[in-house]
Amino acid sequence: MGFGQFLTEPEFKFIIVTHRDIFQNISQEISRFGNEYAERSSVITLDKDDMKKMGLKAGDTVVAKNTSARVVLKVESSVYEKPHPGIAFMINGPWANALVPADTGGTGVPRFKKIEVTLSRSKTEKVTPLNDLI
Amino acid sequence: MYKGPFVCTGCALLCDDIAAEIQDNRIIRVDTACRKGVSRIKGCSSPMSCMVNGKAVDIDTAIKEAAMILKSSKHPLIFGHGNCTLETQKKTIELARKIYAHIDDTSSFCQGPLIEAILNEKLPTCTLEEVRHKADVVIFWGADPSNSHPRHLSMYSYFPRGKERQRGWEEDRTAITIDIRKSDTAALCGDKFYEIPINGDSEFINALFSALSNKVPKTSFNMDPKKILELANILKKSDFGVIFAGLGMVYSLDSLEPLLRLINKLNETSKFYLIPMVGQYNMRGFDHTLFKETGYINRVYFGREKIEHGPQHSIIELINNNVVDAALIIGSDPLASLPGEIAKKLANVPLITIDPCNNLTSQRSKVTISSALSGVECAGTAIRMDGVEVTLKQIIETDRFSDEQIIKQIMGKI
Ligand code: SF4
């Protein structure tokens, strides 16, 4: 057992913005339980400089955490030309929804598109499977 | 043999030009639809079967069990309806009245405020045919139809050569995107993409309002005032403008007041309309049906003495406050679409799911009842995103009951 195991990874604050994706939509029509649906819905897209800062490369996993949930996601690098530090993108689905707070201040409308989380690098964990989300 | 035209129920665009090749009562090829539509029409890979407590049963047993759960429940909820025909929706509302239930749909946490404003005639709207033939300015606001409604731009909003827009997108139409990220739709709009910060919609509306009033527009996010003035000019000169409002806009505005103000201002100099980018094929239909019957589009409680309405009757608050003791879910998958903590709580309530396909909710349900896929295995009517009623045809035969028949049978047993 190495000493490194006990060192906690630094946490970084992010806002997750969700959006739709035609390819995930197609896989959802075929099956909610298919690999493709899971693969597309559990990806978090980060700004290139943020990835550098966190020591991440595409395909690594991160732990996304807030008071609502703790979810392991796969990292992809952003293709947007403009930098978007501190903002991460996810396709709308059960993985992103797990992190949406239940409290709506009585309005009945959760904050689906602006999710505050902390992200930290995960060395060993695999992406959270669908069945563990609910 | 090719047959058609049929209507696709993949999204609330309800494309009505679908051709399908049918062999031995199976759809082997679908033409004209987008990829999402093709997957919808061909059917899912995991059809649902009738089950009670995880055991396969015949449909009568499942219906009987569902009726028993609802009958013994003190505070039942009926939720979903977005993927159901108008005929089914009428029946679910009747059932809700009969068992003094709460009834709600996804509009409760998405496009509801816009649909409500349209039905109360606070927001001017138009049809997609009018967009095709007349619109010269189209604004995708917090919406990305290239991903959510793939044929939107080609059928109606941008590419077609309409009666009064013979030169199509090349000369006759200007497409504008206002969003927080450069979506696929934004990329098509070239330099007519207005990138705003998260929750910056209301501030952007104010700046645009200033520009329309010939004042210098200012934003805390330093958008070039020239760019906003240029946009104001395009909008002022427009003969027929349409705002397609997506969830990005709806979630960002705390109230519709700034939007209503903007639309009124635009209508001082030109004609401007709004169409909500409704997702599920007949969510708008449910809102219309419930509105006709109760004066409310969603979040209704059929109490013994009176009908109640308000955020406290929304699915989110009902689950948050542990009000519901049984739920019937039809044409929806709330465990996939609700916030995780709420989904977990809902999963602990006795659930009945009626759907053609297995989904997260059916997996956690006490009773599942398999139904025919509307627009493919059964006919009906639905309301498109712009409020137009569309007739769905049956493409193939099935021995599965329609949602409507199932609800009728459940009612018969209560
Ligand atoms: S755009 Fe919507 S309605 Fe039209 S074919 Fe695609 S999924 Fe079906």
Side-chain angles (χ1 to χ4, degrees), chain A residues 15-34 37 41 45 66-71 78-82 84 86-87 89 91-116 128 130-134, chain B residues 10-11 34-40 42-46 104 108-110 112 142 144 146-148 150 180-184 195 198-199 247-248 250-252 279 299 310-320 333 335-345 347 357-360 363-364:
Chain A
I15 289 175
I16 298 176
V17 172
T18 58
H19 60 93
R20 315 270 149 178
D21 174 76
I22 168 83
F23 298 101
Q24 183 233 29
N25 265 327
I26 296 165
S27 56
Q28 174 184 325
E29 288 296 333
I30 297 166
S31 174
R32 281 262 195 213
F33 305 103
Y37 178 71
S41 314
T45 305
N66 60 17
T67 49
S68 304
R70 178 186 187 280
V71 181
S78 176
V79 291
Y80 296 125
E81 307 118 49
K82 259 181 96 174
H84 49 88
I87 295 172
F89 294 102
I91 297 172
N92 175 278
W95 281 264
N97 286 340
L99 294 158
V100 177
D103 183 22
T104 69
T107 63
V109 185
R111 304 193 124 221
F112 282 109
K113 273 189 172 272
K114 188 189 173 205
I115 314 167
E116 289 171 23
T128 309
L130 180 59
N131 280 334
D132 290 3
L133 293 171
I134 294 157
Chain B
C11 74
C34 71
R35 297 194 201 204
K36 180 177 165 180
V38 171
S39 315
R40 167 65 60 107
K42 282 193 165 169
C44 57
S45 67
S46 53
D104 201 9
S108 176
F109 49 87
C110 64
D144 179 19
S146 302
N147 281 288
S148 58
I180 56 170
R181 69 185 179 103
K182 192 170 181 181
S183 64
D184 291 328
E195 190 170 353
I198 299 175
N199 286 359
L247 286 179
V250 179
Y251 287 147
S252 159
R299 302 173 166 189
Q312 71 279 21
H313 299 295
S314 68
I315 179 166
I316 303 280
E317 296 312 312
L318 289 172
I319 304 296
N320 259 339
D333 187 8
L335 293 200
S337 56
L338 290 173
E341 290 168 276
I342 296 183
K344 273 185 195 150
K345 271 187 161 184
C357 297
N358 263 327
N359 57 36
L360 295 195
Q363 220 188 13
R364 300 293 295 267

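Quick note on labels: first sequence line is chain A, next is B, and so on, each numbered from 1.
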Subject >> side chain to side chain contact (heavy atoms under 4.5 Å, CB included) assessment of A:Asp21 paired with A:Asn92 >> reply: CA-CA 8 Å; A:Asp21 174 76; A:Asn92 175 278; over 6 Å; no
Original post:
A:His19 and B:Ser183: side chain to side chain contact (heavy atoms under 4.5 Å, CB included), yes or no, with the steps?
Top reply: CA-CA 9 Å; A:His19 60 93; B:Ser183 64; over 6 Å; no
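Only the side chain of B:Ser314 comes within contact range of chain A, with at least one heavy atom under 4.5 Å from a heavy atom of that chain. Only the side chain of A:Leu130 comes within contact range of chain B, with heavy atoms under 4.5 Å apart. Looking at B:Leu247, both its backbone and its side chain come within 4.5 Å of chain A, counting heavy atoms on both sides. In this structure, chain B has no heavy atom under 4.5 Å from any part of A:Leu99. Proximity to chain A is limited to the side chain of B:Ile198, based on heavy atoms less than 4.5 angstrom apart. For a residue to count as touching a neighbouring chain, one of its non-hydrogen atoms must lie under 4.5 Å from one of that chain's; by this rule B:Ala347 touches chain A with the side chain only. For A:Ile134, the parts sitting under 4.5 Å from any heavy atom of chain B are the backbone and the side chain alike. For B:Asn199, the part lying under 4.5 angstrom from a heavy atom of chain A is the side chain only.
Residues A:Asn25 and B:Asn147 bring no donor and acceptor atom of their side chains to less than 3.5 Å of each other. With no hydrogens or angles considered, a side-chain donor-acceptor pair links A:Ser78 and A:His84 at under 3.5 Å.
Taking A:Pro94, A:Ala102, A:Ala98 one by one and counting their heavy-atom pairs under 4.5 Å with chain B, the maximum is reached by A:Ala102. Per-residue counts of heavy-atom pairs under 4.5 Å with chain B were compared for A:Ile30, A:Thr107, A:Val71; the largest is that of A:Ile30. When B:Ala336, B:Ser108, B:Gly279 are compared by the number of non-hydrogen pairs under 4.5 Å with chain A, B:Ala336 comes out ahead. Looking only at heavy-atom pairs under 4.5 Å with chain A, the residue among B:Arg181, B:Lys182, B:Lys36 that has the most is B:Arg181. Counting heavy-atom pairs under 4.5 Å between each of B:Ser45, B:Ser146, B:Cys110 and chain A puts B:Ser45 at the top. Of the residues considered (B:Lys42, B:Glu195, B:Gln312), B:Glu195 shows the highest number of contacts with chain A, using heavy-atom pairs under 4.5 Å.
A:Phe23 is linked by a ring-ring contact (aromatic ring centres under 6.0 Å, His included) to nothing, counting only residues two or more places apart in sequence or in another chain. Every residue meeting the salt bridge (Lys or Arg N to Asp or Glu O under 4.0 Å) condition with A:Glu29, not counting sequence neighbours, appears here in chain and number order: B:Arg40.
In this structure, A:Pro101 and A:Pro110 approach most closely via the heavy-atom pair O-CB, 4.1 Å.
Put simply, the side chain of A:Ser41 reaches to within 4.5 Å of the side chain of A:Gln24, judged on heavy atoms. B:Ile316 places a side-chain heavy atom less than 4.5 Å from the side chain of B:Pro339.
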